[in-house]
Protein chains: 2
Amino acid sequence: MSKAANTRLTILHKAFELIYSKGYQTTSIDDIIATTQVTKGAFYYHFKTKDEMGIAIIEEILKPTMLESFIQPIENSQNPIDDLYNMISYLLLEDPFLEVKYGCPVGNLTQEMTPWNTQFSKALLELVNQWMHTIQKIILEAQNSGLVRKEINGEQVAFFIMSGYWGIRNFGKLQNNNSCYIVYLKEFRDYLNGLK
Amino acid sequence: MSKAANTRLTILHKAFELIYSKGYQTTSIDDIIATTQVTKGAFYYHFKTKDEMGIAIIEEILKPTMLESFIQPIENSQNPIDDLYNMISYLLLEDPFLEVKYGCPVGNLTQEMTPWNTQFSKALLELVNQWMHTIQKIILEAQNSGLVRKEINGEQVAFFIMSGYWGIRNFGKLQNNNSCYIVYLKEFRDYLNGLK
DNA sequence: GTTGTTTCATACCAATTAGTATTTTTTATG
DNA sequence: CATAAAAAATACTAATTGGTATGAAACAAC
């Protein structure tokens, strides 16, 4: 990787960390260049505006991460119910990328940016739809192989699962404690079993 | 109401509107005094700091609203399953206080403030716990009167319901469209019926 | 109507914000 | 090594931020 490409990536990664923990608005360019040890000239050579960098974080960090670490693992699921549970359980309790008190990066950005920044909305919606379609797909496959009841509606289930995930992450933030995740997961397991 | 108490309330209400639609950080004191037509002197006479005002919004606007408009209505429920459904349905589709594209005020503040402002965390946690305990209580009562299965865990259900609500509101924000609420509510109905 | 307190108005401030203009260094290519 | 382009460093700006200092109305009690 060229040195320039490297500083660009450094900016994206460190900026992501800051934004994930502090929020987008409250993370200033000065914050970013201070923690990255990159000068303002370098920053604005790589990104025309702060928002351009924000979109780049979604496209170049969040999207690939989501794809690799929790879409691909369930994509060819033989055991959808278990795999859906494991996906959420992994995200809540194990993913090293995520921290209880900072919630879900995608959820955070959605909450913060969505009502007034259409660029962010578009990028985030793409990302979320990708996840949702994957869930819908494996539900459908599970129905075809008889593992999930035929009368279940995949779209409904996908919305329900993702909503629950986003919501409980907000709870985790509020309580700054993952014990609510344990409780949530128990009910989630029961809910999933109800789809059989 | 005295004139002074009136300006104080005006500030709180208008500030709430701004914060609900734009976020806390991005709502400046200048924004608030511009839309309220109240001078900075008046503002800082009533509130020592911006954060003091923020807490006052939670205590004096959000808390009473929540109590009156969606805790009391279900508190003495004879039909918990239906009433829980109606509560969420009302919040998503009818409550004039709320708008699709701005999400849930409590959820928004939690997302934005919680990782770094303990005062806000505390006030929001109290508020949320109050809602949760109400849900737990009516589940328990429903179990006692045989309307909900005995093996159901009320705490789990309460977490599950509230998480789903917070999550789907974030979806509504993202899509700026309440059609996802309709889909969500269908699955929510099925989930609730599974508790019987 | 004088006096004291509550309430509000005005003018300011230092710090921070995103972004720019300009120059310097680094790097690749002949 | 020379040169041009890419990459980065430095110094700045205008606007906005939360908050303050100080004084002026409004209002109550006597």
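Numbers restart at 1 for each chain; the letters A, B, ... are given by sequence-line order, proteins then strands.
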At 4.0 Å (heavy atoms only), tell me whether B:T49 reaches a base, stays on the sugar-phosphate, or touches nothing.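 Since only primed, P, OP1 and OP2 atoms lie under 4.0 Å of B:T49, the category is sugar-phosphate.
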
Which is true for B:T26 with a 4.0 Å heavy-atom rule: it touches a base, it touches only sugar-phosphate, or it touches nothing? nothing

Measure [atom1]/[X] against [atom2]/[N] and give the value in whole Å, please.
X	N	atom1	atom2	result
B:D30	D:dT17	CG	P	6 Å
A:I29	C:dT17	CD1	P	10 Å
A:L9	D:dA8	CG	C1'	17 Å
A:I32	C:dT16	CD1	C1'	14 Å
B:I33	D:dG19	CD1	P	13 Å
B:D31	D:dA15	CG	C1'	14 Å
B:K22	D:dT17	NZ	P	8 Å

Cation-pi check, B:K50 onto B:Y24 ring (under 6.0 Å, within 45° of axis): yes

Above 12 or not: heavy atoms from other molecules or residues under 6.0 Å from NZ of A:K63?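 More than 12 within 6.0 Å, yes.
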
Set out, in order, the CA-CA distance, both residues' side-chain angles and the distance that settles ring pair (Phe, Tyr, Trp, His ring centres under 6.0 Å) for A:F171 and A:W166, then state yes or no. CA-CA 9 Å; A:F171 254 101; A:W166 261 358; over 10 Å; no

So which one's nearest nucleotide on DNA chain C is more toward 5', A:S28 or B:R8? B:R8

With distance as the sole criterion, is a donor-acceptor pair present between the side chains of B:N108 and B:K173 under 3.5 Å? yes

Does a side-chain N-to-carboxylate-O contact under 4.0 Å join B:E151 and B:R149? yes

Rounded to the nearest 0.5 Å, the CD atom of A:E112 sits from the OG1 atom of A:T26 at a distance of 6.0 Å

Atom pairs under 3.5 Å: protein N/O with N/O of nucleotides 20-22 of chain D:
none

Which of the following nucleotides, C:dC8, D:dA8, D:dG19, is nearest to the side chain of A:A4?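 Taking heavy atoms from C-beta onward, the closest nucleotide is D:dA8.
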
